[in-house]
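One structure below.
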Amino acid sequence: MRWILGSLLMISMALPRVSQANPTREFISSCTYGVMAGSLVGVATLAFTNKPGDNLNKVARGASLGLYTGILLGVYVVYIVPGLEPEDELDPVAAIDKIPFTLNPILTDDYRLDGAEASWTVHRF
């Protein structure tokens, strides 16, 4: 019996997993993680109260706020993230004019460092 369970475990670990985007699963998991994080924050606030047994409602309040945060995160992940298109990868040399901040050295006539010049491109016409 142990040999069969061990071999099944090894086979299941060796098989490649196919990852498919499941919006419902992503939404439920973000809500679950939000509730768990909120509950932990609510439990952590009990350490700063004089009578933790009288303030257990803070755990429920934290779980509730975590649920709302998880719902917002889930909606963002399910509806907003798939619509974002990645930008085309550009050649780094061709994209050098798109860097908004530059720092250039100022050299003397005998090529010693005399200072630095910084510029920040706010808007290009």
Side-chain angles (χ1 to χ4, degrees):
M1 183 70 171
R2 287 183 187 174
W3 185 81
I4 293 173
L5 288 176
S7 61
L8 286 176
L9 180 66
M10 293 301 287
I11 290 172
S12 68
M13 292 175 77
L15 292 176
R17 302 207 190 285
V18 177
S19 176
Q20 296 178 352
N22 187 355
T24 305
R25 181 181 173 131
E26 292 177 3
F27 181 77
I28 297 296
S29 66
S30 69
C31 291
T32 304
Y33 289 138
V35 169
M36 289 190 308
S39 298
L40 288 175
V41 170
V43 168
T45 59
L46 293 178
F48 302 106
T49 61
N50 292 333
K51 296 181 179 180
D54 295 338
N55 295 314
L56 292 177
N57 62 343
K58 292 186 179 189
V59 177
R61 184 177 300 151
S64 176
L65 292 174
L67 175 64
Y68 298 142
T69 305
I71 289 172
L72 291 175
L73 177 66
V75 167
Y76 175 76
V77 167
V78 170
Y79 292 110
I80 307 285
V81 171
L84 299 176
E85 295 287 329
E87 292 184 16
D88 294 334
E89 301 221 5
L90 299 174
D91 182 23
V93 176
I96 196 112
D97 63 332
K98 296 187 187 268
I99 299 173
F101 180 76
T102 58
L103 181 65
N104 299 319
I106 298 176
L107 303 174
T108 62
D109 292 334
D110 55 348
Y111 299 106
R112 289 187 308 183
L113 184 64
D114 191 35
E117 171 190 37
S119 66
W120 186 279
T121 304
V122 177
H123 184 68
R124 187 171 288 187
F125 297 95

ILVMFWY cluster, [X] and [Y] together (side-chain gap under 4.5 Å):
| X | Y | value |
| --- | --- | --- |
| Val78 | Ile71 | yes |
| Leu40 | Tyr33 | no |
| Leu72 | Phe27 | no |
| Ile28 | Leu67 | yes |

Looking only at non-hydrogen atoms, find the nearest pair between Gly70 and Ser30 and report the distance. O-OG, 3.1 Å
Smallest separation among heavy atoms of Thr49 and Leu46, with atom names: OG1-O, 2.9 Å
After noting the C-alpha distance and the side-chain angles of Asn50 and Asn55, does the key distance pass the side-chain contact (heavy atoms from CB on, under 4.5 Å) rule? CA-CA 9 Å; Asn50 292 333; Asn55 295 314; over 6 Å; no
Please report the C-alpha distance between Leu113 and Leu107 in whole Å, then the side-chain angles of each, then the deciding distance to 0.1 Å, and finally whether the side-chain contact (heavy atoms from CB on, under 4.5 Å) criterion is met. CA-CA 5 Å; Leu113 184 64; Leu107 303 174; 4.2 Å; yes
Report the distance from atom OH of Tyr76 to atom CG of Leu73, rounding to the nearest 0.5 Å. 9.0 Å
Separation of Arg25 CZ from Thr32 OG1 (nearest 0.5 Å): 10.5 Å
Tell me, do Thr45 and Arg61 make a side-chain contact under 4.5 Å, heavy atoms counted? no
Would you find a donor on one side and an acceptor on the other, under 3.5 Å apart, between the side chain of Ser39 and the backbone of Val35? yes
Got a sec: does the CG of Asp110 have more than 12 other heavy atoms crowding it under 6.0 Å? yes
